[in-house]
A.B. asks: 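Sending over a structure as structure tokens; questions will come in a sec.
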Amino acid sequence: MRGAAEPLLAGHTVLEVTRHGKHILLRFDHGTLAIHLGMTGKLLVDGVPTAYLRAEFVMDGCRLLFDDIRQFGRMAWGSGLPANVARLGPDPLEISAEAFAERLRGKRGRVKAVLLNQVFLRGLGNIYVDEALHRAGVHPLASSLSRARAVRLHGEIVAVLKEAIAGGGSSISDYVDTEGRRGSFQDRHRVYGREGEACLGCGGAVKRIVVAQRGTHFCPNCQRK
DNA sequence: AGTATGACCTGATGGC
DNA sequence: TGCCATCAGGTCATAC
């Protein structure tokens with residue numbers, strides 16, 4: 001490895017690669033390296049280094065590059081899990097609908113802000129929150145949901161994540177996988193980035209507001225508080 | 001506990 | 001043509 005973590009990792013072996021929320025975990029025999037891609041980060045296998053190279057992992061058989069134009073990405077190390085990773089909430093694909101509903105019931109505040117909070121639920125970013133809320137018919141400013149609506153929301157979160165993963169993710173500008181391939185899910189966004197365009201459900205105009213300091217896209221007709 | 005604001009960072013975009 | 005302001009978003013620090 002070349003980069004800040006070189007003395008820590010030189011000579012050690014990657015035992016396993018997993019995902020934890022938005023973090024990619026490289027497990028070693030003496031601890032775990034968590035990599036967060038931020039917005040524009042990329043992990044590239046045998047890629048071409050750019051001016052934005054953050055780290056290079058030189059391994060038997062390949063080189064793994066951590067490239068990040070905007071430099072919002074970060075790496076963290078822990079002898080177990082890094083602390084900022086260990087404190088994250090449950091994975092939406094693992095928690096049951098009932099447990100999700102119960103967890104949401106204990107939260108006050110706007111549902112969009114709650115879903116973006118990685119300590120509440122790990123892995124959802126701005127795009128997928130907007131998409132899941134639209135599918136579930138829930139207004140981003142809703143502040144308390146019935147149990148039935150919470151269960152439905154969980155189902156739509158799971159559906160959106162599974163479809164996005166199957167589509168290779170959303171490549172708005174920078175995202176590519178380790179082979180440099182763009183995702184296709186951006187073509188299936190129903191509200192995100194579609195301000196002023198027709199809602200695919202009712203034909204009305206998609207509206208954009210700011211919630212929790214994030215651009216928020218929704219249909220005022222299909223999504224209720 | 002919630003909400004808001006600014007900082008970080010660079011490229012794309014629009015106005016003049 | 002070119003300069004400048006603005007925007008995009010994940011997380012964290014800080015303040016109310």
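In the text below, chain A, chain B and the rest are named by the order of the sequence lines, each starting its count at 1.
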A.B. asks: Taking only residues two or more places apart in sequence, or in another chain, which ones meet A:D177 in a salt bridge (charged side-chain N to carboxylate O under 4.0 Å, His left out)?
C.D. replies: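 Partners of A:D177 by the salt bridge (charged side-chain N to carboxylate O under 4.0 Å, His left out) criterion, ordered by chain and then number, come out as A:R181.
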A.B. asks: Suppose the criterion is salt bridge (charged side-chain N to carboxylate O under 4.0 Å, His left out): which pairs have a residue in residues 203-213 of chain A, not counting sequence neighbours?
C.D. replies: none
A.B. asks: List, by chain and then residue number, the residues other than A:M39 in its hydrophobic cluster (Ile/Leu/Val/Met/Phe/Trp/Tyr, side-chain heavy atoms under 4.5 Å); write none if there are no others.
C.D. replies: A:F72
A.B. asks: Sequence neighbours left out, what pairs pass salt bridge (charged side-chain N to carboxylate O under 4.0 Å, His left out) with at least one residue falling in residues 139-154 of chain A?
C.D. replies: A:E98-A:R147, A:E102-A:R147
A.B. asks: Is there a side-chain contact between A:V85 and A:H20 in this structure, where contact means two heavy atoms from C-beta onward sitting under 4.5 Å apart?
C.D. replies: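 When only atoms from C-beta onward are counted, A:H20 and A:V85 do touch, with a gap below 4.5 Å.
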A.B. asks: Students often get this wrong, so: under 4.0 angstrom with heavy atoms, is A:R122 touching a base, only sugar-phosphate, or nothing?
C.D. replies: nothing
A.B. asks: Taking ring-ring contact (aromatic ring centres under 6.0 Å, His included) as the definition, give me every residue that meets it alongside A:H217, ordered by chain and number, with sequence neighbours left out.
C.D. replies: A:Y192
A.B. asks: I want to confirm an ordering. Mapping A:A113 and A:Q71 to their closest nucleotides on DNA chain B, which one lands closer to the 5' end?
C.D. replies: A:A113
A.B. asks: Show me the donor-acceptor pairs within less than 3.5 Å that the side chains of residues 155-165 of chain A make with the rest of the protein, sequence neighbours left out.
C.D. replies:
residue: A:E163; atom: OE1; partner: A:R135; partner atom: NH2; Å: 3.1
residue: A:E163; atom: OE1; partner: A:R188; partner atom: NH2; Å: 3.2
residue: A:E163; atom: OE2; partner: A:R135; partner atom: NH1; Å: 3.0

A.B. asks: In whole Å, I'd like the distance from the CG atom of A:N117 to the P atom of B:dG2.
C.D. replies: 9 Å
A.B. asks: Of the residues in residues 207-215 of chain A, which ones touch DNA chain C at a heavy-atom distance under 4.0 Å?
C.D. replies: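 Output list: A:R208, A:R214, A:G215.
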A.B. asks: By side chain to side chain contact (heavy atoms under 4.5 Å, CB included), which residues pair with A:A198, not counting sequence neighbours?
C.D. replies: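 Side chain to side chain contact (heavy atoms under 4.5 Å, CB included) list for A:A198, sorted by chain: empty.
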A.B. asks: Please determine whether a side-chain nitrogen or oxygen atom of A:R54 lies at a distance below 4.0 Å from atom OP1 or OP2 of B:dC9.
C.D. replies: no
A.B. asks: Under 4.0 Å from a heavy atom of chain A: give me the 5'-most and 3'-most nucleotides of DNA chain C that qualify.
C.D. replies: C:dA8 to C:dC12
A.B. asks: Find the distance A:R70:CZ to B:dT10:C1' and express it as a whole number of Å.
C.D. replies: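 Going from CZ in A:R70 over to C1' in B:dT10 covers 6 Å.
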